[in-house]
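Input: a single structure, listed below in structure tokens.
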Protein chains: 2
Amino acid sequence: MSQTVDRALSILPLLAEGPADLGQVADRLGVHKSTALRLLRTLHEHGMVYRQSDQRYRLGARLFALAQEAMENLDVREIAHAHLVRLNESCGHTVHLAVYEENEVLYIDKVESRYPVRMYSRIGKPVAITVAAVAKLLLADLPEHERRALAEKLDYPMYTARSTPSAAAFLQELATVREQGWATDLGGHEESINCVAAPIRGADGRVVAAMSVSAPNVVVTADELLTLLPLVRRTADTISGEYSGRTPVKGTSA
Amino acid sequence: MSQTVDRALSILPLLAEGPADLGQVADRLGVHKSTALRLLRTLHEHGMVYRQSDQRYRLGARLFALAQEAMENLDVREIAHAHLVRLNESCGHTVHLAVYEENEVLYIDKVESRYPVRMYSRIGKPVAITVAAVAKLLLADLPEHERRALAEKLDYPMYTARSTPSAAAFLQELATVREQGWATDLGGHEESINCVAAPIRGADGRVVAAMSVSAPNVVVTADELLTLLPLVRRTADTISGEYSGRTPVKGTSA
DNA sequence: AGGCGTGTTGCGTTATGTGCAACACCCATT
DNA sequence: AATGGGTGTTGCACATAACGCAACACGCCT
């Protein structure tokens, strides 16, 4: 829509791959060096881009700060956090909170396992959408057509033998999940890791977030993990209640 | 420099404060609604901005992903992490890793205290630059003129009675820190919290990051915390060694 | 010294972004 | 139902503001 902004923003993912100098940026954008320079300068002024000592450009600090601030303003997160911590204290495993946004599912909070073996995941990181338990819950609640369209568009990487293999299988799984009101991922992302998840709903019943408990086989078996399901669901319901009870909108004045 | 990009980027911090609708954005930018709309659309296409169900705009998922990716590409962080965890395991307190960038100091990694009382801080959040122990180390290593210029430009908020009160006092403190090769913050940010910190250096001796151990008075006294100094310094030195041995690129100046 | 590879600047051209005004829409209110 | 104020959206004529160029400045290597 806006060519200049479009180009400027295209620089960011490019720099996310690693530092680059002016020439490289200009080339990959397909513009003149002088143009790239002006764009980079503007990005720099806003702190989105940083110039390291060797003159190459990196993503800048403001980016972190922005992501940070945005995250803290998510009200589901704020409400849920204390409950996630409590759940972690009572079961000891890693607890995640995730939301759906624009064809992606991403973690917005995480409480680390107390066991030495930890899962790799990071707040802000997009989730393996076709297999994660939280993703299933979030997608299962999408309107029919949107869900179907998305399912067709996705890739179905076989992380393990138990990964969801196809759109058809995925839609089937989503139907089950929607009906039962909870979801699992039993070794579908990493062979030895299992998760159980439950949905958090807003006042209108729509799923606004999902939470999960994850643990590796070496700590508890899948069956043992499933015994936590009632606790997870109860926690999710508590959060739902608190979330929908509260004033849904925040202050609009500035 | 580039007006359009400048305006577009100005939208982001604005949205970081909370969701806003088209009119609000246009007003605060001082542009016509149609202009704001085009900018927002471009931001949207790049996933930097998300349109929630009530039509208001929020910061988008790509922003998190970018911040995430950028963070993971910081090689100091990658190298340091395991050591930070180990230090945390041996002393139990909160461990931070911070870098300096463009007049700001920010945390890029954190390992939580094992004690129930935890500090408030977050990865990506800018640090209280005039009092934090890690900030002192990072600023102490700046070239003379830059350090002086920055010190003059800063505010010196009195978080507590022990906060650094003025540029002069700050520069004095930085001189001490530079000489001794480590730093503390004894209740300068929050009355009851103390920190000890040590620098991480690149191959050329320049300080590239700083790490600290923090604990509240209720857990250990300042004196007890100081007994950890040798351990902290040793850890920092180990990281320095690994960092400068490894990366063949970077820091070829001087 | 020379030459190459950077990043940087000023400038004329025109594509590009702009504000306007009219339109479409939703929802409260009467 | 009809009205009216509040949104977000579109098309267009105009001139601003972004573009590429070509020349320059600087550091680095031979």
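Order of the sequence lines fixes the chain letters, A, B, ..., with proteins taken first and strands second; residue numbering starts at 1 for each chain.
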Per [X] side chain, nearest of listed nucleotides [options]:
X	options	answer
A:Lys33	D:dG20, D:dT9, C:dG7	C:dG7
A:Gln3	C:dG19, C:dG17, C:dT8	C:dG17
B:Val31	C:dT8, C:dG19, D:dG8	C:dG19
B:Arg51	D:dA17, D:dC19, D:dG8	D:dG8
B:Thr4	D:dG8, D:dA17, C:dC20	D:dA17
A:His32	D:dC21, D:dG8, C:dT8	D:dC21
A:Arg38	D:dT10, C:dT18, D:dG20	D:dG20

Take the protein atom [atom1] of [X] and the nucleotide atom [atom2] of [N], then report the distance between them rounded to whole Å.
X	N	atom1	atom2	value
A:Leu43	D:dA18	CG	P	13 Å
B:Tyr57	D:dT7	OH	C1'	12 Å
A:Asp54	C:dT6	CG	P	13 Å
A:Met1	D:dT9	CE	P	11 Å
B:Arg56	D:dG6	CZ	P	18 Å
A:Leu37	D:dC26	CG	P	16 Å
B:His44	D:dG8	NE2	C1'	14 Å

Using 30° and 60° as the class limits, which term best fits the ring planes of B:Tyr107 and B:His96: parallel, tilted or perpendicular? parallel
Check the surroundings of atom CD in B:Gln52: do more than 12 heavy atoms from other residues, nucleotides or ligands lie under 6.0 Å from it? yes
Heavy-atom count around B:Gln180 CD within 6.0 Å, excluding the residue itself: above 12? yes
Looking at D:dG8, I'd like to know if its phosphate oxygens (OP1 or OP2) sit under 4.0 Å from a side-chain N or O belonging to B:Arg41. no
Just call it for A:Ser34: base, sugar-phosphate, or nothing, with non-hydrogen atoms closer than 4.0 Å on any strand. base
Scan A:Ser2 against the nucleic acid and name what it touches under 4.0 Å (heavy atoms): base, sugar-phosphate only, or nothing. sugar-phosphate
Any chance you could measure B:His44, atom NE2, to B:Leu37, atom CG, to the nearest 0.5 Å? 11.5 Å
N-O pairing of B:Glu144 and B:Arg148 below 4.0 Å: yes
Cationic N near anionic O, under 4.0 Å, B:Arg62 to A:Glu104: yes
Take B:Thr235 and B:Val95 through the test side chain to side chain contact (heavy atoms under 4.5 Å, CB included) and record every step on the way to the result. CA-CA 11 Å; B:Thr235 306; B:Val95 179; over 6 Å; no
Residue-level proximity of residues 11-30 of chain A to DNA chain D when a heavy atom falls under 4.0 Å: none
